[in-house]
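Residue numbers begin at 1 in each chain, while the letters A, B, ... track the order of the sequences.
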Protein chains: 2
Amino acid sequence: MDDQLSRVFSALADPIRRDMVARLAVADAGVNELAEPYDVSVQAVSKHLKVLEEAGLVSRTKQAQRRPVHLEAEVFDLMTKWIERYRRQAEERYRRLDDVLAEMDTEQSPIDTRHTERGAS
Amino acid sequence: MDDQLSRVFSALADPIRRDMVARLAVADAGVNELAEPYDVSVQAVSKHLKVLEEAGLVSRTKQAQRRPVHLEAEVFDLMTKWIERYRRQAEERYRRLDDVLAEMDTEQSPIDTRHTERGAS
DNA sequence: GTTCTTCTCAACCGCAAGGTTGAACAAGGA
DNA sequence: TCCTTGTTCAACCTTGCGGTTGAGAAGAAC
């Protein structure tokens with residue numbers, strides 16, 4: 001759990017934390033408020049928030065005795081970039097593979113042909 | 001770790017697994033081949049692959065005694081959709097907040113929070 | 001046949017994650 | 001001052017994860 005990417009993915013791997021993010025996208029909220037819908041203690045939610053905060057997904061501003069939690073949308077870009085990069089790469093490879101296959105009708109070299117058909121499944 | 005989204009995020013929370021995905025985006029590979037760069041046993045890598053497979057990120061086709069691993073880019077969409085949804089929502093809220101703030105010189109009402117939509121994760 | 005390669009399964013270990021309860025702290029309000 | 005509210009800290013427990021080693025299954029090659 002070193003790099004930020006690991007922390008972010010890990011943070012969002014938990015359904016409760018994802019739901020909290022979903023709710024924080026609508027409005028900032030305090031810990032008690034956030035904890036209300038779930039069947040766990042307030043302390044547990046506080047821990048979840050700590051995880052989200054360390055991942056950079058959330059920030060807490062001190063306001064009186066409350067600690068409103070605010071969603072930081074920036075970090076999402078980090079994930080999106082990573083994902084898009086490899087998805088694009090995979091799709092590119094797929095496309096090139098199709099080209100190779102299309103060319104393979106003319107030539108007859110003993111190249112691997114597995115995985116070449118609509119292997120996605 | 002019930003739903004697929006949890007499995008996918010969890011799978012990508014590990015640096016080794018992310019690196020494997022990165023390499024598989026370039027070309028399919030066998031387990032030994034994949035294990036080579038890392039300082040862990042082949043069995044450990046096999047376990048990592050199982051995780052990736054159960055997340056739907058990867059598929060293994062049987063070919064002789066080898067088990068080539070293939071990246072399935074589809075699942076990425078699942079994540080991207082989730083991420084984009086809430087990022088967009090957060091940005092939208094930000095924009096509206098600016099509007100409210102701009103309007104606050106004239107009126108004196110608290111911030112409007114009446115969006116009620118909240119999706120399950 | 002036997003042997004080598006590739007990969008997975010099973011059992012175990014150490015440690016961190018997510019949960020609990022109980023106590024503490026900080027800031028308003030009575 | 002004392003009390004209430006909101007939040008976190010400290011211990012503890014149990015479960016799951018990532019790693020190990022050892023053995024075994026399935027084919028290819030000899």
Side-chain angles (χ1 to χ4, degrees), chain A residues 1-21 23-24 27-71 110 112 114-115, chain B residues 1-21 23-24 27-55 57-71 121:
Chain A
M1 211 70 72
D2 287 299
D3 54 317
Q4 177 154 25
L5 213 39
S6 293
R7 277 193 294 265
V8 177
F9 278 123
S10 182
L12 294 179
D14 187 286
I16 290 191
R17 287 195 290 259
R18 275 203 310 282
D19 192 63
M20 293 202 294
V21 167
R23 292 167 58 207
L24 287 170
D28 292 4
V31 177
N32 275 286
E33 195 177 347
L34 276 172
E36 192 230 311
Y38 312 122
D39 199 19
V40 297
S41 64
V42 182
Q43 290 94 323
V45 171
S46 184
K47 278 192 187 178
H48 281 304
L49 281 174
K50 197 176 178 188
V51 173
L52 288 173
E53 188 176 26
E54 282 168 353
L57 279 161
V58 133
S59 66
R60 281 128 132 187
T61 59
K62 186 162 189 173
Q63 167 209 323
Q65 76 272 48
R66 314 196 79 229
R67 289 286 203 110
V69 180
H70 178 72
L71 183 65
D112 270 349
R114 73 210 117 77
H115 250 326
Chain B
M1 212 72 77
D2 285 300
D3 53 318
Q4 176 154 26
L5 212 41
S6 293
R7 278 193 295 266
V8 176
F9 278 123
S10 182
L12 295 179
D14 188 286
I16 291 190
R17 286 196 290 260
R18 276 202 310 281
D19 192 62
M20 294 203 292
V21 167
R23 292 168 58 209
L24 287 169
D28 293 4
V31 177
N32 274 286
E33 195 178 347
L34 276 171
E36 193 229 311
Y38 313 121
D39 198 20
V40 297
S41 63
V42 182
Q43 289 94 323
V45 171
S46 184
K47 278 192 188 178
H48 280 305
L49 282 174
K50 197 177 179 187
V51 173
L52 288 173
E53 189 177 26
E54 282 167 352
L57 279 161
V58 133
S59 67
R60 282 128 132 187
T61 61
K62 187 163 190 175
Q63 169 215 328
Q65 76 272 48
R66 315 196 76 231
R67 289 285 202 113
V69 180
H70 177 72
L71 182 65
S121 38

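- Within residues 46-53 of chain B, the residues approaching DNA chain C are B:S46, B:K47, by heavy-atom distance under 4.0 Å.
- Annotation for A:A55 and A:V8: closest pair O-CG2, 3.4 Å, computed over non-hydrogen atoms.
- A:D14 places its CG atom 10 Å from the C1' atom of C:dA17, with the value rounded to the nearest Å.
- Taking side-chain N and O atoms only, A:R60 has no distance below 4.0 Å to OP1 or OP2 of D:dT7.
- Residue A:L34 holds its CG atom at 5.0 Å from CG of A:L24, rounded to the nearest 0.5 Å.
- The CG-C1' distance, from A:D39 to C:dT20, rounds to 12 Å in whole Å.
- Nearest to the side chain of A:V40, among C:dT6, D:dT8, C:dG19, sits C:dG19.
- Taking 3.5 Å as the limit, the base of D:dG18 and the side chain of B:Q43 contain no donor-acceptor pair of atoms between them.
- Side-chain atoms of A:E33 stay outside donor-acceptor range of the base of D:dG6, with no qualifying N/O pair under 3.5 Å.
- OP1 or OP2 of D:dT5 has not a single side-chain nitrogen or oxygen of A:N32 nearer than 4.0 Å.
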Footprint string (nucleotides 25-30 of chain D, 5' to 3'): B base within contact, S backbone only, - free, heavy atoms under 4.0 Å: --SS--
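- The 12-atom threshold is exceeded at CD of A:Q4, counting heavy atoms of other residues, nucleotides or ligands nearer than 6.0 Å.
- The distance between atom CE of B:M20 and atom C1' of C:dC7, rounded to the nearest whole Å, is 14 Å.
- Among residues at least two apart or in separate chains, salt bridge (charged side-chain N to carboxylate O under 4.0 Å, His left out) pairs with a member in residues 44-64 of chain A are A:E53-A:R60.
- In this structure, the side chain to side chain contact (heavy atoms under 4.5 Å, CB included) partners of B:A44, at least two apart in sequence or on a different chain, are B:V40, B:S41.
- Under 4.0 angstrom from either OP1 or OP2 of C:dT20 there lies at least one side-chain N or O belonging to A:S41.
- Judged as a side chain to side chain contact (heavy atoms under 4.5 Å, CB included), and not counting sequence neighbours, the contacts of B:E33 are B:A29, B:R66.
- Listed nucleotides: D:dG19, C:dG19, C:dT8. Nearest to the side chain of B:V31: C:dT8.
- Distances shown here put a side-chain N or O of B:R17 below 4.0 Å from the OP1 or OP2 atom of D:dG18.
- No donor-acceptor pair under 3.5 Å is formed between the side chain of A:R67 and the backbone N or O of A:V31.
- Going from atom CG of A:D28 over to atom P of D:dT7 covers 12 Å, rounded to whole Å.
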Side-chain atoms of residues 12-21 of chain B: list all donor-acceptor pairs with protein atoms under 3.5 Å, sequence neighbours left out, distances to 0.1 Å.
residue : atom : partner : partner atom : Å
B:D14   : OD1  : B:I16   : N            : 2.8
B:D14   : OD1  : B:R17   : N            : 3.3
B:R17   : NE   : B:A11   : O            : 2.7
B:R17   : NH1  : B:H48   : ND1          : 3.1
B:R17   : NH2  : B:S10   : O            : 3.4
B:R18   : NH1  : A:S6    : OG           : 3.2
B:R18   : NH1  : B:L12   : O            : 2.7
B:R18   : NH2  : A:D3    : OD2          : 2.6
B:R18   : NH2  : A:S6    : OG           : 3.0
B:D19   : OD2  : B:Y38   : OH           : 2.6

